[in-house]
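In what follows, a structure is listed as structure tokens, so that the remarks can point back to it.
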Amino acid sequence: MSAFIDAARGQDAARAPIWIMRQAGRYLPEYREIKERYGFWEMCRTPDLITEITLQPIRRFGMDAAILFSDIMTPLAECGVRIDFAPGPVIAEPVRTREQIARLRTPGSDEIAPYVVKGVRAVREQTEVPLIGFAGAPLTLATYLVEGQGSKDYSLFRNWLYEQPGAAHELLGKLTEVTIAYLRAQIGAGVQAVQLFDSWAGLHDAASYETFGRPYADRVLRALGPGDVPRIYLAIGAHHLYPQIGTLAAEAISVDWRTPLSHARRMLPGKALQGNLDPSALCAPPEVLLERAGEVLRQGLGGPHIFNLGHGIGPSAPVGNVQRLVEFVQGFDRTAAFDLTAEGATR
């Protein structure tokens with residue numbers, strides 16, 4: 001078993017495994033070379049390109065896990081939604097009525113995103129590093145479908161939840177079934193862990209999240225386990241929701257950079273923690289980067305920890321700093337650091 005899988009399943013170990021959200025992407029020169037020849041959707045739908053881009057950071061840096069190159073919007077295209085990227089997702093016809101919701105297709109696991117399935121199988125054939133599959137949580141997918149494009153606070157979607165709660169539940173229910181089918185297809189093809197991205201959950205208060213977010217995310221996660229693959233849940237800016245997030249059927253919770261891991265551990269008992277270096281720290285001088293990384297590692301002591309950023313890596317991150325970070329984290333002895341921390345606490 002790998003250090004990543006062990007940690008994701010809740011085993012505390014002497015070394016924190018590391019992978020980086022969006023590690024297969026635009027900060028890498030080899031990725032940019034491919035992007036000069038292919039459009040984003042073409043890359044997401046071509047198994048050979050999915051495979052190559054997924055493996056690029058593994059070859060260069062030796063992370064402890066690979067994450068599938070794809071996009072959370074992928075299954076929506078299979079539902080009949082026309083999506084463009086400019087550069088973020090833009091929905092040609094936002095879905096805001098019950099009639100539109102009823103017209104959305106619900107493809108099954110055997111027909112959803114076959115190019116993703118082929119990409120998963122090809123990656124598994126070419127590396128022994130664990131592969132992480134992923135999907136968007138129903139609440140976050142609904143956010144894009146209703147709003148139609150990116151927004152500072154997604155007020156149109158939040159207003160819609162209050163104005164049409166019945167339609168909202170119909171949409172969320174359908175997206176839940178699509179997401180379950182999509183993740184089951186990835187698991188069937190060979191991914192060894194899954195991450196559910198609930199990127200915009202933190203925009204909501206506890207009552208709205210309890211009504212429109214948590215139950216649907218939990219249905220997705222419970223449909224995948226327990227025991228099939230470790231499940232990771234990510235919500236950005238959601239510290240205020242941790243009491244509810246802690247009840248989700250996920251073995252690990254990804255924590256953004258705003259909340260110290262030591263604080264999150266008290267609020268999320270029994271969960272492995274993932275995170276949570278500020279992505280901007282990768283642009284700092286090397287000595288500052290490693291100082292901040294060391295602080296994250298020390299904050300993660302006292303339970304299972306998967307080192308990651310608190311969100312996705314930015315396009316301006318220096319490749320050299322990524323290499324330094326991976327080497328530093330993989331060389332950090334958590335057992336020795338914990339012993340030193342405990343010794344200091346008893347003085």
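Between Arg59 and Glu30 no salt bridge is recorded (no basic side-chain N to carboxylate O distance below 4.0 Å). A salt bridge is absent between Glu177 and Lys174; no separation between the charged side-chain nitrogens and carboxylate oxygens falls under 4.0 Å. Using a 4.0 Å cut-off between charged side-chain N and carboxylate O, Glu111 and Arg105 make a salt bridge. Looking at Arg184 and Asp228, no side-chain N of the basic residue comes within less than 4.0 Å of a carboxylate O on the acidic one, giving no salt bridge.
Of all heavy-atom pairs between Leu301 and Arg265, the closest is O-NE, 3.6 Å. The two atoms that bring Ile34 and Gln56 nearest to each other are CD1-NE2, 3.3 Å, heavy atoms only. Here the closest heavy-atom approach between residue Thr176 and residue Val220 is recorded as CG2-CG2, 3.8 Å. Residues Val90 and Ala86 come closest through the heavy atom pair CG2-CB, 4.3 Å. Across all their heavy atoms, Leu175 and Pro138 have their closest contact at CD1-O, 3.7 Å. The shortest non-hydrogen separation linking Pro304 to Ala7 is CB-O, 3.7 Å.
Linking ILVMFWY residues whenever their side-chain heavy atoms come closer than 4.5 Å, directly or via other members, leaves Trp257 and Val288 in distinct clusters.
Side-chain N/O atoms of Ser208 and Asp205 include a donor and acceptor closer than 3.5 Å.
Taking the side chain to side chain contact (heavy atoms under 4.5 Å, CB included) definition, one finds that Pro75 meets it with Ile112, Val178, Tyr182, sequence neighbours left out. Scanning for side chain to side chain contact (heavy atoms under 4.5 Å, CB included) contacts around Thr247 gives Arg214, with sequence neighbours left out. Looking at residues two or more places apart in sequence or on another chain, you find no side chain to side chain contact (heavy atoms under 4.5 Å, CB included) involving His240.
No more than 12 heavy atoms of other residues, nucleotides or ligands sit less than 6.0 Å from atom CZ of Arg292. For CD of Glu287, the number of neighbouring non-hydrogen atoms (other residues, nucleotides, ligands) closer than 6.0 Å is greater than 12.
Residues Arg60 and Val322 form no side-chain contact, since every pair of their non-hydrogen atoms from C-beta on lies 4.5 Å or further apart. In this structure the side chain of His169 reaches within 4.5 angstrom of the side chain of Thr211, judged on heavy atoms. Between Pro226 and Arg231, some side-chain heavy-atom pair lies under the 4.5 Å cut-off. In this structure, Leu277 and Leu325 have side chains that are in contact, with non-hydrogen atoms separated by less than 4.5 Å. Inter-residue side-chain proximity for Val117 and Arg121 is flagged as met; some heavy-atom pair is nearer than 4.5 Å. Between Thr259 and Met267 the shortest side-chain heavy-atom distance does not fall below 4.5 Å. At a threshold of 4.5 Å between non-hydrogen side-chain atoms, the residues Thr74 and Trp41 count as touching. Here the side chains of Phe212 and Pro165 are in contact, with some heavy-atom distance below 4.5 Å.
With Thr140 contributing its side chain and Ser199 its backbone, the two residues share a donor-acceptor pair below 3.5 Å. A donor-acceptor pair under 3.5 Å is absent between the side-chain atoms of Arg82 and the main chain of Glu93, judged by distance alone. Between the side chain of Arg32 and the backbone N or O of Arg26 there is at least one donor-acceptor pair closer than 3.5 Å. Checking side-chain atoms of Asp218 against main-chain N and O of Ala249 turns up a donor-acceptor pair under 3.5 Å. Judged by distance alone, the side chain of Lys271 and the main-chain N or O of Leu248 form a donor-acceptor pair under 3.5 Å. The closest donor-acceptor contact from the side chain of Gln330 to the backbone of Gly62 lies under 3.5 Å. Not one N or O on the side chain of Asp198 forms a donor-acceptor pair closer than 3.5 Å with the backbone of Ala235. Put simply, the side chain of His305 gets close to the backbone of Gly275: a donor and an acceptor are under 3.5 Å apart. Asp256 places no side-chain N or O within 3.5 Å of a backbone atom of Ile236 that could act as its donor or acceptor partner. In this structure, Gln23 contributes its side chain and Ile313 its backbone to no donor-acceptor pair below 3.5 Å.
To the nearest 0.5 Å, the span separating CZ on Arg15 from CG on Leu297 amounts to 11.0 Å. Between the CD atom of Gln274 and the CD1 atom of Ile306 there is a distance of 5.0 Å, given to the nearest 0.5 Å. Going from atom OG1 of Thr179 over to atom CG of Leu141 covers 5.0 Å, rounded to the nearest 0.5 Å.
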- Could you walk me through whether Gln192 and Phe4 pass the side-chain contact (heavy atoms from CB on, under 4.5 Å) test, one step at a time? CA-CA 10 Å; Gln192 293 138 291; Phe4 166 74; over 6 Å; no
- Query: Stepwise, does the side-chain contact (heavy atoms from CB on, under 4.5 Å) test hold for Tyr216 with Arg219?
  - Reply: CA-CA 5 Å; Tyr216 296 100; Arg219 274 174 55 189; 3.7 Å; yes
- Applying side-chain contact (heavy atoms from CB on, under 4.5 Å), run through Asp71 and Ile83 and close with a yes or a no. CA-CA 11 Å; Asp71 191 89; Ile83 306 164; over 6 Å; no
- Task: Output, in order, the C-alpha distance, side-chain angles, deciding distance and verdict of side-chain contact (heavy atoms from CB on, under 4.5 Å) for Trp19 and Asp64.
- Result: CA-CA 6 Å; Trp19 69 280; Asp64 292 299; 5.9 Å; no
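Tyr27 and Phe61 have parallel rings, their planes meeting at less than 30° on a 0 to 90° scale where 60° marks the start of perpendicular. Classification of the Phe328-Phe332 ring pair by plane angle, with boundaries at 30° and 60°, yields tilted.
Here the options are Tyr209, Phe157, Tyr154, the test is ring pair (Phe, Tyr, Trp, His ring centres under 6.0 Å), and the partner is Trp200; only Tyr154 passes.
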